[in-house]
Structure formats: C-alpha cells, structure tokens
Colleague: 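Dropping the structure in here first, questions after.
Chain A is the first sequence line, chain B the second, and so forth, proteins listed ahead of strands; every chain is numbered from 1. Reckoned from all heavy atoms, side chains included, excluding hydrogens, waters and symmetry mates.
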Number of protein chains: 2
Amino acid sequence: MSKLPARIRLADAAFALFDERGYEQTTIDDIAERAGLGRTTFFRNYRSKEDVIFPDHDRLLALIRDRLATSSNSTALVAVSDAVRLVLLHYVEEGDLARRRYALTSKVAALRDREIASVARYQRLFREFIADWMGGPTESASLRAELMAAAVVAAHNHVLRRWLRGESSDPVAEVDEAMREVLALFPAPGSSPAPGGGTTVVAFRTGQDIDTLLPSLRRLVEDGAER
Amino acid sequence: MSKLPARIRLADAAFALFDERGYEQTTIDDIAERAGLGRTTFFRNYRSKEDVIFPDHDRLLALIRDRLATSSNSTALVAVSDAVRLVLLHYVEEGDLARRRYALTSKVAALRDREIASVARYQRLFREFIADWMGGPTESASLRAELMAAAVVAAHNHVLRRWLRGESSDPVAEVDEAMREVLALFPAPGSSPAPGGGTTVVAFRTGQDIDTLLPSLRRLVEDGAER
DNA sequence: CCAAGCTATGGCACTGAGTGCCGCAGGTAA
DNA sequence: TTACCTGCGGCACTCAGTGCCATAGCTTGG
C-alpha cells in the first residue's frame with residue numbers, strides 16, 4: 001500500500017486539505033498526518049508550504065534559459081516566442097492541477113503574491129536576454145528591452161489566465177497570435193536593413209484600400225525611408 | 001526625551017538595525033528594544049516586519065485611483081501619465097529613505113518579492129482603468145489593455161530604478177519621455193477603426209520583396225482574415 | 001553471510017513571526 | 001471623584017521553518 005513516493009503523497013494530501021478547509025486553515029502537521037508521514041519529511045520534500053503548490057518554477061526557469069541560450073542573433077525573437085510557448089505548454093499539460101492552483105491563487109493573497117514574484121523572475125530573464133540582443137547598453141535600448149519583456153510576459157499571462165478560466169480552447173494558437181501582436185508593437189531592431197534588401201513593413205492603419213497605398217509602399221521600400 | 005511618536009521611533013530603530021546587522025538578522029524584539037518600546041506596540045503600528053519598510057503603499061494606491069477617477073474619456077492617457085508621475089514623485093520626495101529601501105530590496109529576496117507584489121497591484125489598477133477606457137470587453141481590447149498597463153509600469157520602474165541608483169538627475173523629465181515612448185507604441189484608440197472598412201497592416205519583416213508578398217496581402221484584405 | 005555505509009524517514013527542540021487577551025497608566029469629560 | 005478612552009506592556013499561544021540526532025531498510029564490498 002501507499003507505494004507512491006512521499007513527495008506525491010504529500011502533494012495529494014495538501015491539495016485535498018486546501019480544497020476541504022482552505023489554505024490558511026491547513027497546517028503542515030495536517031498535511032503530513034494526512035499523508036501518513038512525518039513533519040520533517042514534508043520539509044525535506046518542499047522548502048515551504050507554498051512550495052507544494054509551485055513545485056517546479058526552477059525547472060521552468062531553466063527551460064526558458066536553455067531555449068533562449070540556443071539562439072543566434074537573427075533568431076532571437078523566435079527564441080522568445082518559443083520560450084513563451086514552452087511555458088504555456090507546461091501549464092496546459094498540467095491540466096487540472098494548474099486549474100486547482102489557479103483557484104487557490106485567486107483566493108489567497110499570499111499565494112497570488114508568490115506567483116507574481118515567480119513571474120517577475122521569468123520577466124527578468126527575458127529582459128536580460130532582450131537587452132543583450134539589442135546590443136548597445138544604450139539607455140534607450142535598456143528601456144525598450146524592459147518594455148518588451150513586460151509585454152511578452154503580459155501576453156503570456158493573459159492567454160494563460162484565459163485558458164485557466166476555461167475561456168480558451170486553443171491557448172497555443174492564442175499565445176502565438178498574442179506574441180505576433182506584441183512583436184508588432186516594437187519596431188524592428190538593429191539588424192533591420194535586411195541583408196540583401198528585404199522588405200520592412202511598419203504597422204499602421206489606414207482608411208484607404210490596398211491598391212491605393214501600394215505606390216506609397218513601393219516608394220518607401222525604394223527610398224529605404226522613414227515614417 | 002523621545003517625544004517622537006512610537007511609529008517613527010520604531011521605523012528609525014528598524015532601519016538602523018537593518019543597516020547594522022541586515023534584515024534577516026534583526027528580530028522584531030530587537031527593533032522594539034532599540035526603540036524603547038514593547039513588542040506589542042510594534043505590531044500595533046505595523047502589520048508585519050516588512051511593513052516597516054513599505055509603509056504607505058495603500059496611500060499610493062489610493063493616489064493613483066483618485067487621479068485615474070478624475071478623467072474624462074478623452075483625457076484618459078493624460079490621467080495615466082499623471083498618475084505615473086505622481087508615484088514617481090512620491091518616491092523622489094522620500095529621497096534618502098527610498099534609496100535605503102532600495103538597498104534593502106536589492107539584497108533581501110523576501111523584500112524584493114514584496115515590492116514586486118505591490119507593483120503588481122498598481123499594474124492591476126492601470127489595467128482595469130485602461131480596459132474600461134478601451135470600452136468593448138473584446139478579447140483584443142483586453143489583451144491590449146494588459147500590454148499597455150504592463151508597459152506603463154515597466155517604464156515607471158525603469159526610470160525609478162535609474163533614479164534610485166543615482167543614474168538620473170531629472171527623473172520626472174525622464175519618466176515623461178518614457179511615457180511618450182510607451183504611448184507611441186500603441187496605435188491611437190477609438191478613432192482608428194476607419195469607418196467603412198479600411199486596411200489594416202500588421203508589422204512584420206520578410207526577406208521577400210514587396211511584389212512577392214502582394215498577393216498574400218491582397219488575400220488577407222479580402223478575407224478579412226487571420227494569419 | 002556479515003559489516004559498513006547510504007538513504008529516507010521520524011522525533012524533538014528551538015527560533016521567530018504573528019495573534020489575542022488582559023491589565024495598567026495617564027489624560028479627558030461628566 | 002467617577003467613568004471612560006487611548007496608548008502601551010506583558011504573556012501565552014499557534015505555526016512556519018531550521019537543525020540535530022536516532023533508526024529502519026536497503027545496498028555494496030569483503
């Protein structure tokens with residue numbers, strides 16, 4: 001009986017008790033007792049009470065770091081999108097567990113704060129990566145990296161929360177779309193004069209139809225111009 | 001002697017001890033003793049140990065709320081900028097105290113997390129305000145509100161941290177400039193959906209030349225489509 | 001087959017944050 | 001004077017988190 005590893009049994013007991021009595025009303029002694037284990041064993045498996053709920057943030061951080069590390073200068077934005085998709089997928093694969101965690105973080109302020117702090121660590125990773133990629137330690141580049149990183153994780157969180165609330169059936173498609181929107185916000189960086197004369201289209205919106213504005217587009221491309 | 005109110009004496013004692021021994025090495029008993037007061041009095045004045053360092057986040061939140069509340073539909077963005085400037089000014093006026101707090105939050109993880117959680121509350125305020133202002137509970141508007149709020153607080157934090165590190169002599173000017181940059185990222189609202197079906201071009205970059213991708217563009221416009 | 005060692009666990013004692021209650025001094029108003 | 005009210009101290013309690021020591025079970029080397 002009870003062949004399951006202690007770590008699992010503790011997590012099961014913890015979630016069950018959190019559901020029954022609420023997070024704050026559950027002590028670690030309760031959890032250990034329910035799992036048929038000692039209090040010491042709990043702390044050997046989890047650093048803290050909150051840790052039962054957020055077990056693998058470290059692994060996720062490493063995942064992001066790895067994905068970002070394996071990118072050349074020209075594929076930086078792809079790497080960012082991939083990393084974001086990776087994180088989202090991680091949660092989606094957790095399925096019901098992620099939703100139970102969301103229910104808890106929605107109710108308990110301490111857990112919400114903890115979650116936010118974790119997200120900030122992801123954001124920091126992205127910020128540093130983007131800043132590096134932008135090259136110059138210019139003040140302007142620094143600000144732009146900060147803005148972009150903030151937008152990236154905001155987009156991720158937005159889609160994730162939609163999925164957690166059951167408002168999204170295809171979160172991966174949504175996050176890809178959201179990331180396109182985010183990247184569209186930021187003008188292309190340093191490398192922009194696409195080698196071999198590509199085409200750069202800057203986002204705008206107009207009342208004219210496409211044939212009307214084609215000549216302007218063409219002229220822009222030829223001039224390599226501004227605005 | 002010691003006519004200063006307990007609240008002040010406790011804060012002074014706390015900061016002094018944090019400087020001397022570090023945050024974690026200081027107990028609340030230490031603080032109370034140094035202030036010549038009882039432990040009970042500490043908790044009557046501050047909810048927790050961290051609270052001594054972040055005394056008036058509630059007041060700041062209210063400040064933002066008030067500033068945002070007194071804005072018409074057409075002055076929403078001005079209100080956002082004003083609110084951000086207000087928060088920055090609050091810190092700047094704290095002067096040395098803000099810098100001591102920064103030194104602490106830079107070293108102690110628990111304090112950093114707490115700070116981040118507070119910032120998240122500001123961000124939430126901005127997000128809700130911006131979402132309201134954007135009107136429609138469209139999914140797209142919701143995402144855009146989230147992105148914009150994230151960018152707004154990122155810009156604020158960027159400038160604030162520069163000032164805290166002594167890298168900025170005129171933070172107010174810098175934050176105004178940063179806010180201009182943020183607002184420039186986001187296409188003007190309301191007025192934009194050109195009445196009568198205009199053309200929307202999303203920013204992207206490609207190695208192909210413009211004639212190659214024209215058919216795709218045309219198809220997009222006709223389908224009113226995705227991807 | 002036995003001994004040494006490793007690992008997972010339990011028990012226990014301790015620190016320190018945070019809560020709740022009660023009691024007391026000093027000032028104020030009826 | 002009496003009757004409050006307010007700010008404070010003391011005390012006892014819960015609970016999270018740490019550190020240390022003991023033990024049971026299994027593996028490995030002789």
Colleague: With distance as the sole criterion, is a donor-acceptor pair present between the side chains of B/S168 and B/E174 under 3.5 Å?
Modeller: yes
Colleague: Between P on C/dC12 and CZ on A/F42, what's the gap in Å once rounded to a whole number?
Modeller: 20 Å
Colleague: Nearest to the side chain of A/F43, which nucleotide is it out of D/dC8, C/dT9, D/dA16?
Modeller: D/dA16
Colleague: Just so I know, are the side chains of A/D12 and A/R34 near enough to count as touching, which here means a heavy-atom distance under 4.5 Å?
Modeller: no
Colleague: Distance check needed: D/dG17 P versus A/R44 CZ, whole Å only.
Modeller: 16 Å
Colleague: Are more than 12 heavy atoms, taken from residues, nucleotides or ligands other than A/E128, located less than 6.0 Å from that residue's CD atom?
Modeller: yes
Colleague: Measure from CZ on B/R114 to P on C/dA17 and round the result to the nearest Å.
Modeller: 15 Å
Colleague: D/dG7 P sits how many Å from B/L10 CG, rounded?
Modeller: 14 Å
Colleague: Just the rounded figure in Å: distance from C1' of D/dG7 to CD1 of B/I8.
Modeller: 16 Å
Colleague: Rounding to a whole Å, what distance do you find between B/I28:CD1 and D/dA16:C1'?
Modeller: 14 Å
Colleague: Rounded to whole angstroms, how far apart are CG on B/L37 and P on D/dT6?
Modeller: 20 Å
Colleague: Ignoring the backbone of A/K49, work out which of C/dT9, C/dG18, D/dA16 is nearest its side chain.
Modeller: D/dA16
Colleague: Would A/K49 pass as a cation-pi partner of A/Y23, given that its NZ or CZ must be under 6.0 Å from the six-membered ring centre and within 45 degrees of the axis?
Modeller: yes
Colleague: Just compare C/dT9, D/dA16, D/dG9 and give me whichever is closest to any side-chain atom of B/T41.
Modeller: D/dG9
Colleague: How many Å lie between CZ on A/R39 and P on C/dA13, as a whole number?
Modeller: 13 Å
Colleague: Assign each of B/S48 and B/T40 to its nearest nucleotide of DNA chain C by heavy atoms, then name whichever residue's nucleotide is nearer the 5' end.
Modeller: B/S48
